[in-house]
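This one's a predicted model, so the numbers in the text were calculated from it and none came from an experiment. To find a chain, count down the sequence lines: A is the first, B the second, and so on, and within it residues start at 1. Hydrogens, waters and symmetry mates play no part in the numbers below; they use all other heavy atoms, side chains included.
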2 protein chains.
Amino acid sequence: MTTLCQRPYRHALDRLRASGLRPTRQRLALAKLLFDGCDRHVTAESLHSEASTSDIQVSLATVYNTLHQFTEAGLLREIVVDAGRSYFDTNVSDHHHFFHERTGSLTDIPGAEVVVAQLPPAPAGTKIRRVDVIVRIQD
Amino acid sequence: MTTLCQRPYRHALDRLRASGLRPTRQRLALAKLLFDGCDRHVTAESLHSEASTSDIQVSLATVYNTLHQFTEAGLLREIVVDAGRSYFDTNVSDHHHFFHERTGSLTDIPGAEVVVAQLPPAPAGTKIRRVDVIVRIQD
DNA sequence: GTGATTGCAAATCTTTTGCACTAAA
DNA sequence: TTTAGTGCAAAAGATTTGCAATCAC
């Protein structure tokens with residue numbers, strides 16, 4: 001199978017196994033939707049309705065649980081751009097985001113295209129876990 | 001009256017008047033809590049309980065409404081760091097934030113201490129409204 | 001089998017809204 | 001007065017949780 005996207009292809013089953021997640025029917029189906037194609041941004045709601053459209057039976061609660069399990073396993077990255085709605089990104093490499101405020105859509109900015117040139121040291125006793133840059137755009 | 005903080009002092013009443021907001025008892029009381037002192041970060045819940053402690057009677061709904069009205073008027077800035085909870089910052093000048101993930105606390109980073117050296121152009125037909133840099137820290 | 005996972009529905013939490021009441025101008 | 005603003009309680013979303021049923025191993 002080929003993909004049009006520049007992303008290391010890996011069978012959903014292998015991804016789950018490698019992450020120590022039991023490959024249940026629901027997890028496999030969601031993993032296929034998420035990873036068999038281009039990088040994408042989903043919300044629990046959007047993934048759930050996509051699953052429904054594809055005749056995959058998964059409850060919304062399981063979609064939430066699965067998204068968090070995938071995130072913990074490093075298969076997804078959670079992006080916080082909107083208080084009151086969680087986005088998940090299948091692209092877990094170092095990069096930032098455009099957030100279109102009217103439509104609520106996210107677009108990746110390749111890591112190399114944003115350079116945070118200076119950063120103050122983390123407060124005493126803490127360390128930097130991640131730096132998120134959100135470029136908020138509008139029409 | 002003096003303040004220990006380097007911030008242009010302005011009476012709460014004047015701020016409201018200048019913003020075209022009718023200075024009601026509730027708005028005045030909340031404005032005093034927010035602006036008579038150092039810059040701060042609040043959530044609706046935290047401001048509401050602070051008001052209660054100070055024997056200020058305001059409903060939570062009014063706190064929400066007021067925070068949004070202040071934000072629209074440019075007196076506050078909303079910071080999105082946590083899906084499911086809105087933070088508001090009394091510092092509306094150009095700056096970024098440390099977000100301590102365990103405690104949920106926000107700290108300002110002066111604008112000059114973070115330099116986003118490169119930015120790709122906004123997608124066609126859009127313009128950049130703001131660039132938010134969130135430095136997520138942990139113990 | 002047996003322990004992990006799921007579905008469902010209920011609970012929780014944050015935020016918004018409708019509307020009668022109150023207060024600022 | 002007159003109209004904006006408030007409080008309350010209910011509604012609305014998003015997310016989580018408890019628990020019996022189900023499934024992977």
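- Straight-line distance from the CG atom of A:L21 to the C1' atom of C:dT5: 11 Å, rounded to whole Å.
- Side chain of B:A61, nearest nucleotide from D:dT16, D:dA9, D:dA24: D:dA9.
- The phosphate of D:dC23 has neither OP1 nor OP2 within less than 4.0 Å of any side-chain N or O from A:Q26.
- Scanning for side chain to side chain donor-acceptor pair (under 3.5 Å) contacts around A:R129 gives B:E101, with sequence neighbours left out.
- Listed pair A:R85 / D:dG13 fails the phosphate criterion, with no side-chain N or O lying under 4.0 Å from OP1 or OP2.
- B:Q57 has no side-chain polar atom (N or O) that falls below the 4.0 Å cut-off from OP1 or OP2 of D:dT6.
- The nearest heavy atom of DNA chain C to B:N65 and to B:R17 marks one nucleotide each, and the one closer to the 5' end goes with B:N65.
- Between the CD atom in B:E78 and the CG atom in B:D132 there is a gap of 10.5 Å [rounded to 0.5 Å].
- Distances shown here put every side-chain N or O of B:H68 at or beyond 4.0 Å from the OP1 or OP2 atom of C:dT15.
- Look at A:Y64 and you won't find any side-chain N or O under 4.0 angstrom from OP1 or OP2 of D:dT16.
- Considering only side-chain N and O atoms, A:S86 lies under 4.0 angstrom from the phosphate OP1 or OP2 of D:dT15.
- Comparing C:dT14, D:dT6, D:dC25 by their nearest atom to the side chain of B:Q69 picks out D:dT6.
- Remark: C1' of D:dA4 and CD of B:E72 are 15 Å apart, rounded to the nearest angstrom.
- Straight-line distance from the CZ atom of A:R25 to the P atom of C:dA4: 20 Å, rounded to whole Å.
- Judged by closest nucleotide on DNA chain D, B:V63 is the one of B:V63 and A:T43 placed further toward the 5' end.
- A cation-pi contact links A:R15 to A:F35, judged by a cut-off of 6.0 Å to the six-membered ring centre and 45° from its axis.
- Under 4.0 angstrom from either OP1 or OP2 of D:dG5 there lies at least one side-chain N or O belonging to B:R27.
- Between B:H48 atom NE2 and C:dC13 atom C1' there is a gap of 15 Å when expressed in whole angstrom units.
- For C:dA23, the OP1/OP2 oxygens have no side-chain nitrogen or oxygen of B:T24 closer than 4.0 Å.
- A side-chain N or O of A:D89 and one of A:H97 form a donor-acceptor pair less than 3.5 Å apart.
- Between B:I128 atom CD1 and B:T126 atom OG1 the span is 7.5 Å, to the nearest 0.5 Å.
- The phosphate of C:dG7 (OP1 or OP2) has a side-chain N or O of A:S59 nearer than 4.0 angstrom.
- Taking atom CG of residue A:L67 and atom P of nucleotide D:dT15, one finds them 10 Å apart after rounding to whole Å.
- Of the listed nucleotides (D:dT15, D:dC25, C:dT6), D:dT15 has the atom at the smallest distance from the side chain of A:L60.
- Look at CG on B:L13: it is 9 Å from P on C:dA25, rounded to the nearest Å.
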